[in-house]
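Encoded as structure tokens, the structure appears first; notes follow it.
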Amino acid sequence: MTGIAQCRYTWLLIFMIRDHIKHAIEHAIAAAQAAGDLPAFDIPAVNLAKPRPDMGDYAASVAMQLARAAKMAPMAIAQRIAKHLPAHPAYTVEVAAGYLNFRLTAAHLSAQVSDILQAGAAWGNINLGKGQQAQVEHGSANPTGYATIGTARNVTVGDTLANTLEAAGYVVHREWYVNDAGSQVKKFGASIYARYCQHFGKDEPMPANGYMGDDVTQTAQRVAEMVGDQYLNTPKEQAIVALGRLGIDTMMATIKHTMTRLNVRFDNFFSEKSLYSSGASDRALAMLRAKGLLIEHDGALWFSEDGSPIRKGQAKKKTDAEYASDASDDTDEDADESKTQNAVQAVVIRSDRVISDPDERATYFCSDIPYVWNKVHERGFKPAVYVWGEDHQADVARLYAATRALGLNENDVKILIYRFITLMSGGQEVRMGKRKGNAIWTDDVLDQAGPDALRYIMLSRSIDTKIVFDLDVLKEQNDKNPVYYVQYAHARICSIERKVESSGSVDNLKSNIQNLKFEHVAELNLIRKLLELPEIVELVATTLQPHHYVTYAREIAQSFSGFYENCRIIDAAPDVAASRLQLAKASRLTLAKVLHLMGMTAPEKM
RNA sequence: GCCCCCGUAGCUCAAUGGAUAGAGCGUCGGCCUCCGAAGCCGCAGGUCGCAGUUCGAGUCUGCGCGGGGGCACCA
């Protein structure tokens, strides 16, 4: 069992024990059928679950699933499958309550520790992506304000997923979509202009619904310091355009700095505007027009997924009461429109009538269409992952519809919706918003808590769960945050290793990472926990739910504590100490890997 | 009116349809002459309701109840 293959692909072998068991069960069922122990039926795909620890390491419930097809009791089926399972050095099999339970042997578990050590930084990597290009587009907040903690949640999720897809064998591209087109940008420019003038003592009122926040004021000041007062004498319209552009660049520079502090990096900042200037928008719309899915109606251009006409009453903003009455009005005339049943509601792409400014006639959806084409078809990202806040919830169905309409495979597009962060303020939950002036800047939180604690909070809940952010608690929480529990375990291992290094016994302990031997239940449980890493990477890569890491990281630290409390390293007999030191190192590698996947540091001292 | 998400312990959250639903915080009680006590051990405490599907439901389906978000010229 030695040789190059094992050295280079150890991580693959470790991961394969689970799949090996699956196949062994399928073969055993077939063998049982051939021997007449089981009747004929189609063999289903076998799934393995993680049972309670006292039941073993993997459990198959296939016997219960087969009870009906085989017309036999689950227990009897399980026993007959087990009868045809050949003995294997890596595991033992027990039948209990209709389950087939597989327990990895101490010898097998012991052997995996040296495999982990040999895999090193690559430990935990899997080959799910097979080198396919994937993209995670995240962040993408409007460049009209500093990064809020909402943005922090977005990029922490996105960055962690990008790390994960990389570990899962994809070539990953990280992108921020810059909304540098549209009316908000113009409004932002006007706000910058007003603050710029005020900075130089010239009286200039803020535009209606302008950006009133300090972040815009500070950005305007920075612009003023850069370019001086030269725009005071330029015509206002020109000055607004020029200062708006400078303002966006300055704001993006601030945001990029915040991202760096958060340990988030991007490969590209993609300009929304470029979709128009390059003609990509026109080309994508032409494809839809050729399919008859673009409709002129009421002075606007609409996307209608099935080409059906725009319904009466769709073209104006409604109140809740109007929606209610609308529904009852429409029932008669819509009864025959069966093909609209499954299509998404038509959506405006461009309006000539209501929006006066020609530059602002396109809606966001107008750029979403060429953008998805650009991602999936032109750049070949499969999947193209979107990370969106829940205010974009209604856009999900539309983008999928547009993807289908363009002839792309919608399975190549993965849109994630995370829930908002609300603020605890005076005992009340409040929704945060830049316009409301109660936004919390990521930089301020980083000043107080640091990137690791912030990322940990952002990852600690499923994206489907809102996060309630309490600034007062956060301030006190510095040393109580659960992230320190995980990092502490890592630092503690480093400390042990330092101690071993400085003691005289270092040669004995470090001599050999082969033939390690473990017997104590705390040792074996720790190894079991470490061996879950590739499966966790697979879980996060397939579900795109990064919070699983937080649970797993804590479990590793917990298992290590159990080992630490029960199994002394330095005082143990030399051969025992040698094995345990290597297990501690494997634990350190695994902890560090999970922390790095989450974008956090693995400190050697705290 | 319609669509999406959520409802699990006092609080904040976990749980690929599997066996006895797990953690943290908080409460209470223990553990440093011993590799880092930012730690460990213990006690107490829970699936919103009613049906259904399934060998098996916190998980899937339907209907309620409660909360959040959205429903076309705002990004």
Side-chain angles (χ1 to χ4, degrees), chain A residues 47-52 54-55 59 61 63-68 73-74 96-99 101 142 144 179 181-185 299-303 310 314-318 320-328 330 344-355 360-365 389-398 417 419-420 422 429 431 460-468 479-482 484-485 487-489 491-500 503 535 539 542-543 547-548 550-551 554-555 557-558 561-562 564-566 568-572 584 605-606:
Chain A
N47 279 319
L48 290 180
K50 287 271 177 205
R52 264 167 35 216
D54 55 307
M55 294 302 192
S61 57
M64 285 176 279
Q65 291 158 27
L66 288 173
R68 176 167 288 183
Y99 290 92
N101 290 329
N142 289 337
T144 53
N179 300 108
S183 60
Q184 289 306 310
V185 168
L301 184 66
W302 302 64
F303 168 69
I310 309 307
Q314 281 193 327
K316 71 175 200 290
K317 186 81 177 172
K318 285 176 225 145
D320 202 48
E322 283 167 335
Y323 276 116
S325 64
D326 209 42
S328 54
D330 281 356
V344 296
Q345 253 185 348
V347 51
V348 168
I349 291 173
R350 188 185 293 145
S351 170
D352 296 333
R353 197 188 65 164
V354 178
I355 306 177
E360 296 173 14
R361 284 178 184 167
T363 66
Y364 64 89
F365 193 62
E390 65 176 324
D391 53 337
H392 286 76
Q393 170 257 118
D395 305 331
V396 175
R398 293 172 186 165
I417 298 289
R419 290 198 52 179
F420 281 140
T422 55
E429 266 185 61
R431 183 175 161 183
S460 63
R461 291 156 177 77
S462 152
I463 60 173
D464 290 326
T465 301
K466 74 175 179 200
I467 294 179
V468 182
D479 289 352
K480 286 189 194 168
N481 193 300
Y484 297 105
Y485 178 74
Q487 292 183 321
Y488 177 75
R492 193 190 234 174
I493 297 170
C494 293
S495 171
I496 294 170
E497 292 186 43
R498 281 192 299 269
K499 198 136 195 164
V500 171
S503 76
E535 294 173 28
L539 179 67
T542 52
T543 62
H547 71 277
H548 294 296
V550 168
T551 309
R554 216 207 64 254
E555 288 172 355
Q558 206 164 36
S561 285
Y564 175 83
E565 297 290 330
N566 292 292
R568 292 195 58 83
I569 296 173
I570 291 177
D571 311 339
K605 287 180 182 177
M606 291 173 69

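Here is how names work: the chains are called A, B, and so on, in the same order as the sequence lines, proteins then strands, and each is numbered from 1.
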For this session: For A:Ser495, report the nucleic acid contact type (base, sugar-phosphate, nothing); a contact means any heavy atom under 4.0 Å.
Result: base
Problem set entry | Separation between the C1' atoms of B:U27 and B:A21, rounded to whole Å | 22 Å
Exercise. Which part of the nucleic acid, if any, lies within reach of A:Ala584 when heavy atoms closer than 4.0 Å are counted: base, sugar-phosphate only, or nothing?
Worked result: nothing
Exercise. Looking at the side chain of A:Glu565, which of B:C34, B:C40, B:C6 is the nearest nucleotide?
Worked result: B:C40
Exercise. With a 4.5 Å limit on heavy-atom distance, are the side chains of A:Glu535 and A:Lys50 in contact?
Worked result: yes
Exercise. Reckon A:Pro51 touches a base, only the sugar-phosphate, or nothing at all at heavy-atom distances under 4.0 Å?
Worked result: base
For this session: Using whole Å, report how far OH of A:Tyr484 lies from P of B:C25.
Result: 15 Å
For this session: Report the nucleotide, chosen from B:A37, B:A75, B:C13, that has the shortest atom-to-atom distance to any side-chain atom of A:Gln184.
Result: B:A75
For this session: In whole angstrom, give me the gap between the C1' atoms of B:C43 and B:G30.
Result: 11 Å
For this session: With heavy atoms under 4.0 Å as the rule, sort A:Thr543 into base, sugar-phosphate or nothing.
Result: nothing
Exercise. When all nucleic acid strands are considered with a 4.0 Å heavy-atom cut-off, which category describes A:Ala59: base, sugar-phosphate, or nothing?
Worked result: base
For this session: Would you mind calling B:C32 syn or anti? Take O4'-C1'-N9-C4 for purines or O4'-C1'-N1-C2 for pyrimidines, and syn is within 90° of 0.
Result: syn
Exercise. To the nearest angstrom, how far is A:Tyr99 atom OH from B:G17 atom P?
Worked result: 14 Å
Exercise. Roughly, in whole Å, what's the span from CZ in A:Phe365 to C1' in B:A75?
Worked result: 15 Å
Exercise. Got A:Tyr99 and A:Met64 here, is their nearest side-chain heavy-atom distance under 4.5 Å?
Worked result: yes
Exercise. With respect to the side chain of A:Gln393, which nucleotide from B:C3, B:G36, B:U12 is positioned closest?
Worked result: B:C3
Seminar exercise, completed: A:His547 atom NE2 is separated from B:A14 atom P, nearest whole Å, by 6 Å
Exercise. Which is true for A:Asn566 with a 4.0 Å heavy-atom rule: it touches a base, it touches only sugar-phosphate, or it touches nothing?
Worked result: nothing
Exercise. Considering only side-chain heavy atoms of A:Ala394, which listed nucleotide, B:C71, B:A19, B:A75, is closest?
Worked result: B:C71
Exercise. Taking only residues two or more places apart in sequence or in another chain, which ones pass salt bridge (charged side-chain N to carboxylate O under 4.0 Å, His left out) with A:Lys499?
Worked result: none
Seminar exercise, completed: Here the distance between atom C1' of B:C32 and atom CZ of A:Arg568, to the nearest Å, is 12 Å
Problem set entry | Same-atom distance (C1') from B:G62 to B:A19, integer angstrom | 29 Å
Problem set entry | Given B:A75, B:G36, B:C6, the nucleotide with the shortest approach to the side chain of A:Met606 | B:G36
Exercise. Among the nucleotides B:G70, B:A75, B:C40, which one has an atom lying closest to any side-chain atom of A:Ser561?
Worked result: B:C40
For this session: Provide, to the nearest angstrom, the distance between the CG atom belonging to A:Asp395 and the C1' atom belonging to B:C3.
Result: 13 Å
Exercise. Are A:Glu565 and A:Ser561 close enough that a side-chain donor and a side-chain acceptor fall under 3.5 Å?
Worked result: no
For this session: Could you work out the separation of B:G26 and B:G64 based on their C1' atoms and round it to a whole Å?
Result: 34 Å
Problem set entry | Which nucleotide in B:G69, B:C6, B:C55 has an atom nearest any side-chain atom of A:Glu390 | B:G69
Problem set entry | Touch class at under 4.0 angstrom, heavy-atom based, for A:Leu48 against every strand present | base
Seminar exercise, completed: Against the side chain of A:Gln558, the closest entry in B:A75, B:A23, B:U20 is B:A23
Exercise. RNA chain B: stems of at least 3 consecutive Watson-Crick or G-U pairs, cut-off 3.5 Å?
Worked result: B:1-7 with B:65-71, B:10-13 with B:22-25, B:28-31 with B:39-42, B:48-52 with B:60-64
Problem set entry | Separation between the P atoms of B:C4 and B:C63, rounded to whole Å | 11 Å
Exercise. So, does the side chain of A:Asp54 form a donor-acceptor pair with the base of B:A19 at under 3.5 Å?
Worked result: no
For this session: Select from A:Val347 and A:His548 the residue whose nearest nucleotide in RNA chain B is closer to the 5' end of that strand.
Result: A:His548
Exercise. Across the strands shown, which category fits A:Arg554 at heavy-atom distances under 4.0 angstrom: base, sugar-phosphate, nothing?
Worked result: sugar-phosphate
For this session: Nearest whole angstrom, please: distance from the P of B:C32 to the CZ of A:Arg492.
Result: 16 Å
For this session: With heavy atoms under 4.0 Å as the rule, sort A:Thr542 into base, sugar-phosphate or nothing.
Result: nothing
Exercise. Looking at the side chain of A:Asp391, which of B:G67, B:A14, B:A75 is the nearest nucleotide?
Worked result: B:A75
Problem set entry | Atom pair distance, as rounded to whole Å: CZ in A:Arg398 and C1' in B:C2 | 13 Å
Exercise. If we ignore angles and hydrogens, is there a donor and acceptor under 3.5 Å between the side chains of A:Asp395 and A:Tyr364?
Worked result: yes
For this session: Determine the minimum heavy-atom distance between A:Ala59 and A:Asn101, stating which atoms define it.
Result: CB-OD1, 3.3 Å
Seminar exercise, completed: Out of B:C34, B:G36, B:G67, minimum distance to the side chain of A:Tyr564 belongs to B:G36
Exercise. Quick one: does NZ or CZ of A:Arg398 land under 6.0 Å from the six-membered ring centre of A:Phe303, within 45 degrees of the ring axis?
Worked result: no
Problem set entry | Pairwise C1' distance, B:C6 and B:G42 [rounded to whole Å] | 34 Å
For this session: Using a heavy-atom cut-off of under 4.0 Å over every strand shown, decide if A:Glu555 touches base, sugar-phosphate, or nothing.
Result: nothing
For this session: Report yes if at least one side-chain N or O of A:Arg68 is closer than 4.0 Å to OP1 or OP2 of B:C55; otherwise report no.
Result: yes
For this session: Just call it for A:Tyr485: base, sugar-phosphate, or nothing, with non-hydrogen atoms closer than 4.0 Å on any strand.
Result: sugar-phosphate
For this session: Look at all strands and tell whether A:Ala67 reaches a base, only sugar-phosphate, or nothing, counting heavy atoms closer than 4.0 Å.
Result: nothing
